[in-house]
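The structure under discussion appears below in the form of structure tokens.
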Amino acid sequence: MTRLILIFASYFAYGWSPSSWRHLKSSQIPNYKSEIVKNIVQEKLAQKTPLVISEEIDALTQELERVGNGDKFLLMGGDCAETFREHSTDNIILNYQLFILSTIMLMKNTGLNVVKIARMAGQFSKPRSENMEIIEGNVIHSYKGDMINREDPKKRDPDPRLMLKAYEQSAQTMNLLRALSNSNFSNINLDSWITSLHLSNIQPVIEDLQNQFKILKACGIEREKTLNSAVLYTGHEGLLLPYEEAFTRVDRYSGLHYDCSSHFQWIGERTRDLDEAHVEFFRGVNNPIGIKISDKIEPSEFLSLLDVLNPANKMGRITVITRMGKKIERALPELIDTVEEHGKKVVWVCDPMHGNGAVLNGRKTRYFNDILQEVESFFQIHKEKGTVPGGIHLEMTGKYVTECTGGSFSTYKTDYDNFETSCDPRLNMYQTIELIEKVSKLI
Ligand code: PEP
Ligand code: CO
């Protein structure tokens, strides 16, 4: 009863409900051919068990609060877009291992605990600058991620049933991630993976770690839960609101709404308009929320976004993910000043991928040095301003792909033998580890 009263009170106070976004504009949400099929799918999704629960979501908010205060560091990463094609046990394990290895490197070099958010178990829908494209003379929908339509030019009509498929895959991914998170490092063969990578400059780090584990074992505390578990949170762009709405559940104790499709969702650079659907939806859920920001944002617009999405101005609720490319030098200081002058509480994170697109041999790529340079500027600017550079957000994979260009481990040619992404180019495991090692020295 109290819960019902709280829900009604929140609706009347804020005019918000899980579906209040529906009458607002969003050019990124597809118009499905059949509203009936979409509604049936949404009803089915609303009956599914949640992928995460409110306690875990609150735990992440608290962790992010500590990131914002400089006590922890945030690593976000994963595919630009998960696909049905790339889904496999091996892939999930490789991505998990990449997270663990990156975390170990960061912790060893900084002494900071690392909060990890994987772009996994839900990162299936993509914003596109153009809704339509021309292929072989035909005007077709742009590919918008496997949850919306398919890469195959013959299957580009948005199909709501794909949301069910994406949920099934996310549930499988989540299941394995949770199991991995509770096993110790030897169970996932981190050792042999590292050996197979020939990462000679990583080897000492691992040996160090193994020696430390030996000491713990000798002391009889190696089975301590905190030593053997590695919490991996999940996050994705909350683009497809019919899906997010279906997973928005009311916490049985507090009566608050949580989007239980993942722990963290972000609003993209193309969906952050103040009077549009995404801002309306996310202002009402209690998850920690990311906002992707390029140099195009005006300080006043930025402030209004923070007011609408975080009226209580709580640290941990908003993570600002800047993706500015070379324009970071000009644009970031102004944003930091705005936040500081108005006493706003945000976690600052650098996404050095999305402002550094390039084309090489007709293929989309990103240069390792451009990525590194943006991260370096991010740390430098925060140092000058006396603010906290909270973390980084990467497009990365544990697989040996050849999508981004450069990095000194890179043995690959630029012929894109392993160009596998369905969307933006990812750092492969060598490039990720090299970047992480360099980042850990900047913190
Ligand atoms: C992304 O993170 O894959 C993405 C599309 O980001 P942005 O909204 O910053 O372009
Ligand atoms: Co991307």
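Ligands are counted one by one from 1 in listed order, and the atoms in each one are counted from 1 as well.
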Ring geometry between Tyr167 and Phe247 (parallel below 30°, tilted from 30 to 60°, perpendicular above 60°) | parallel
Taking the minimum heavy-atom distance to atom 5 (C) of ligand 1, which of Ser294, Cys80, Gly268, Pro127 ranks first?
-> Pro127
Restricting to N, O or S atoms of Asp424, which is nearest to the Co ion (ligand 2)?
-> OD2
For atom 8 (O) of ligand 1, closest protein heavy-atom neighbour | Glu269 N, 3.0 Å
Is it the side chain (CB and beyond), the backbone, both or neither of Met353 that lies under 4.0 Å from ligand 1, heavy atoms counted?
-> neither
Glu395 neighbourhood, listing ligand 1 atoms whose heavy-atom distance to it stays under 4.0 Å = 1 (C), 2 (O), 3 (O)
Using non-hydrogen atoms of the residue, decide whether Arg119 is closer than 4.0 angstrom to ligand 1.
-> yes
Ring-face cation of Arg363 near Phe419 (centre distance under 6.0 Å, axis angle within 45°) | yes
For Lys126, is at least one N or O under 3.5 Å away from an N or O on ligand 1?
-> yes
Verify the distance criterion only: is there a donor paired with an acceptor across the side chains of Glu245 and Ser19 at less than 3.5 Å?
-> no
Considering only non-hydrogen protein atoms, determine which one is nearest to atom 2 (O) of ligand 1 and report residue, atom name and distance to 0.1 Å.
-> Lys292 NZ, 2.7 Å
Decide whether an N or O pair under 3.5 Å exists between Asp351 and ligand 1.
-> no
Quick one: is the NZ or CZ of Lys165 closer than 6.0 Å to the six-membered ring centre of Phe84, and within 45° of its axis?
-> yes
If you stand at the Co ion (ligand 2) and look out to NE2 of His354 and OE2 of Glu395, what angle do those two lines make, to 10°?
-> 80°
If only atom types and distance count, is the side chain of Glu244 paired as donor or acceptor with the main-chain N or O of Gly238 below 3.5 Å?
-> no
Could you go through the salt bridge (charged side-chain N to carboxylate O under 4.0 Å, His left out) check for Asp370 and Lys326 one step at a time?
-> CA-CA 8 Å; Asp370 291 346; Lys326 304 244 176 310; 3.2 Å; yes
Going by atom types alone, do His141 and Glu133 pair a side-chain donor with an acceptor below 3.5 Å?
-> no
In terms of heavy-atom contacts, does CZ of Arg161 have more than 12 from other residues, nucleotides or ligands at under 6.0 Å?
-> no
Looking only at protein heavy atoms, identify the closest one to atom 1 (C) of ligand 1 and say how far it is in Å.
-> His354 NE2, 3.0 Å
Looking at ligand 1, does any of its N/O atoms fall within less than 3.5 Å of an N/O of Arg323?
-> yes
